[in-house]
Amino acid sequence: MPRLYGVTESDPIAGWKRNFETKFASILTSNLEPGKIRLEGTFKLDLEKFSISGKVNGGTIDVRVELNQIPDNVYPGLRGMVQVDSFYFSGLNRPRPFLVPGSKDGILAGFHRFLVLQTESASGVPKTLGIVSEYINSIVLPQGYSTELRGRRLTTDEKEGLFLDGEALYNVEPEMLSLLSLRLSLDMAQEGSVLIVEDPEAHLSQDSLKEVKIWLDRFKGPLILVTEDSSFGNRVIRF
């Protein structure tokens with residue numbers, strides 16, 4: 001969400017609305033361009049005091065803002081912009097999204113060495129890696145972290161990354177990697193965050209799928225499942 005308190009406008013309310021539309025569209029475009037992502041569709045966000053609607057057509061994004069509430073006694077100029085921006089952002093709920101991509105097992109195997117919190121260098125991977133960065137950096141584990149899954153123990157090493165029963169993750173079978181990636185995402189997601197899981201059924205047997213469904217049902221927060229698996233229902237969204 002763009003903050004606009006540093007912009008000077010003679011009409012702060014109309015100026016805030018116009019500048020928000022431009023800046024928000026620019027932010028969305030900048031997030032799609034690095035991955036060459038082309039989407040088609042519409043969206044709408046109802047944020048109580050104002051709502052945002054838009055249309056995505058390939059690389060073009062059009063954004064429109066409707067002001068549901070108008071602040072009183074707004075000053076002109078810069079002071080008014082600060083006043084208007086503070087009005088619309090006060091009390092705004094901004095849950096953080098956590099994405100679990102469909103290729104989670106491969107990403108976990110390839111980047112597991114970056115998953116342990118570092119004491120002498122930066123943790124995680126650079127943001128320039130896009131979805132890989134978003135996923136890996138959302139599940140960075142504290143040193144000494146360990147957990148069990150199906151009778152096998154996951155452990156961490158600050159320099160070497162993650163191990164399952166003493167074996168490096170790149171040697172672990174895809175089904176177990178998929179289970180681990182989902183389990184870590186659910187365990188590390190912050191309270192109130194939005195969890196987006198793409199292809200949760202990937203590389204899973206029917207027994208594993210039943211287990212994962214139990215985990216997802218227990219997740220306390222907004223959950224979006226993007227899947228073509230009929231047992232989930234197409235593109236399930238739960239709030």
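Note that the structure is a prediction, hence the values are computed from the model and not measured.
- With sequence neighbours excluded, no residue satisfies side chain to side chain donor-acceptor pair (under 3.5 Å) with Asp199.
- Residues passing the side-chain contact (heavy atoms from CB on, under 4.5 Å) test with Glu48, sequence neighbours excluded: Gln69.
- Interatomic distance, OG of Ser193 versus CZ of Phe98, reported as 5.0 Å (0.5 Å rounding).
- Under the 4.5 Å side-chain heavy-atom criterion for ILVMFWY residues, no single connected hydrophobic cluster contains both Leu47 and Ile27.
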Distance-only criterion, 3.5 Å: show the donor-acceptor pairs between side-chain atoms of residues 176-184 and protein atoms not counting sequence neighbours.
residue, atom, partner, partner atom, Å
Ser178, OG, Pro174, O, 3.2
Ser178, OG, Ala202, O, 3.3
Ser181, OG, Leu177, O, 3.1
Ser181, OG, Ser178, O, 2.8
Arg183, NE, Asp187, OD2, 3.4

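- A salt bridge (Lys or Arg N to Asp or Glu O under 4.0 Å) with Glu21 holds for exactly one of Lys23, Lys17, Arg18; it is Lys17.
- Leu162 and Tyr170 end up in different hydrophobic clusters when Ile, Leu, Val, Met, Phe, Trp and Tyr side chains are linked at under 4.5 Å.
- Closest non-hydrogen pair, Thr227 versus Pro200, comes out as CB-CD, 3.8 Å.
- Between the side chain of Glu66 and the backbone N or O of Ile52, no donor-acceptor pair lies under 3.5 Å.
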Would you check, one step at a time, whether the test side-chain contact (heavy atoms from CB on, under 4.5 Å) holds for Asn137 with Phe111? CA-CA 10 Å; Asn137 294 343; Phe111 291 87; over 6 Å; no

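- Listed by chain and number, the residues in a side-chain contact (heavy atoms from CB on, under 4.5 Å) with Thr155 are Ser146, Arg153, Phe163 (sequence neighbours excluded).
- Legend: residues meeting side chain to side chain donor-acceptor pair (under 3.5 Å) with Lys210, ordered by chain and number and at least two apart, are absent.
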Decide yes or no on side-chain contact (heavy atoms from CB on, under 4.5 Å) for Asn68 and Ser51, but give the supporting numbers first. CA-CA 7 Å; Asn68 303 326; Ser51 59; 4.1 Å; yes

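- In this structure, Lys49 satisfies the cation-pi test against Phe87, with its NZ or CZ atom closer than 6.0 Å to the six-membered ring centre and inside 45 degrees of the ring normal.
- From Leu195, atom CG reaches atom CG of Leu216 across 7.5 Å, with rounding to the nearest 0.5 Å.
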Checking Leu115 against Thr156 for the side-chain contact (heavy atoms from CB on, under 4.5 Å) test, could you report, in this order, the C-alpha distance in whole Å, the side-chain angles of both residues, the deciding distance, and whether it holds? CA-CA 9 Å; Leu115 272 173; Thr156 60; over 6 Å; no

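- One finds no salt bridge joining Lys55 and Glu40 here, because no Lys/Arg side-chain nitrogen approaches an Asp/Glu carboxylate oxygen to under 4.0 Å.
- Scored by the side-chain contact (heavy atoms from CB on, under 4.5 Å) test, Asp11 finds Ile13, Ala14 as partners (sequence neighbours excluded).
- Here the CE-OG distance, from Met81 to Ser86, works out to 10.5 Å after rounding to the nearest 0.5 Å.
- Between the Glu198 side chain and the Gly102 main chain, a donor and an acceptor come within less than 3.5 Å of each other.
- Contacts of Lys213 classified as side chain to side chain donor-acceptor pair (under 3.5 Å), with partners at least two apart in sequence or in another chain: Ser231.
- Shown here are the salt bridge (charged side-chain N to carboxylate O under 4.0 Å, His left out) partners of Glu201, two or more places apart in sequence or in another chain: there are none.
- Summarising the geometry of Leu99 relative to Tyr135, their closest heavy-atom pair is O-CD1, 3.4 Å, with the distance given to 0.1 Å.
- Of all heavy-atom pairs between Met188 and Leu141, the closest is SD-CD2, 3.8 Å.
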Might you work through the side chain to side chain donor-acceptor pair (under 3.5 Å) test for Ser208 and Ser205, ending with a clear yes or no? CA-CA 5 Å; Ser208 295; Ser205 64; 3.3 Å; yes

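- Interatomic distance, CZ of Phe43 versus OG of Ser53, reported as 7.0 Å (0.5 Å rounding).
- Applying the ring-ring contact (aromatic ring centres under 6.0 Å, His included) definition to pairs two or more places apart or across chains, those involving residues 48-74 are Trp16-Phe50, Phe20-Phe50, Phe50-Tyr88.
- Residues satisfying the side-chain contact (heavy atoms from CB on, under 4.5 Å) criterion with Gln83, sequence neighbours excluded, are Val74, Tyr75.
- Taken from NE2 in His203 to CG in Leu209, the straight-line distance is 13.5 Å, to the nearest 0.5 Å.
- The backbone N or O of Ala25 lies less than 3.5 Å from a partner atom in the side chain of Thr29, making a donor-acceptor pair.
- Looking at residues two or more places apart in sequence or on another chain, you find a side chain to side chain donor-acceptor pair (under 3.5 Å) between Asp62 and Arg64.
- Between Arg113 and Glu160, the closest heavy-atom pair is CG-O, 3.2 Å.
- Shown here for Pro76 and Pro12, the closest heavy-atom pair between the two residues is CA-CG, 4.1 Å.
- Linking Ile, Leu, Val, Met, Phe, Trp and Tyr residues whenever their side-chain heavy atoms come within less than 4.5 Å places Leu149 and Ile107 in a single cluster.
- For the residue pair Gln143 and Val116, the shortest heavy atom distance occurs at CG-CG1, 4.0 Å.
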side-chain contact (heavy atoms from CB on, under 4.5 Å) for Leu169 and Leu108? Distances and angles first, verdict last. CA-CA 8 Å; Leu169 285 198; Leu108 189 65; 3.9 Å; yes

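- Residue pairs satisfying the salt bridge (Lys or Arg N to Asp or Glu O under 4.0 Å) criterion with at least one member in residues 164-182, sequence neighbours excluded, are listed as follows: Arg152-Asp165, Arg152-Glu173.
- Atom CG of Asn19 sits about 12.0 Å away from atom OG of Ser26, to the nearest 0.5 Å.
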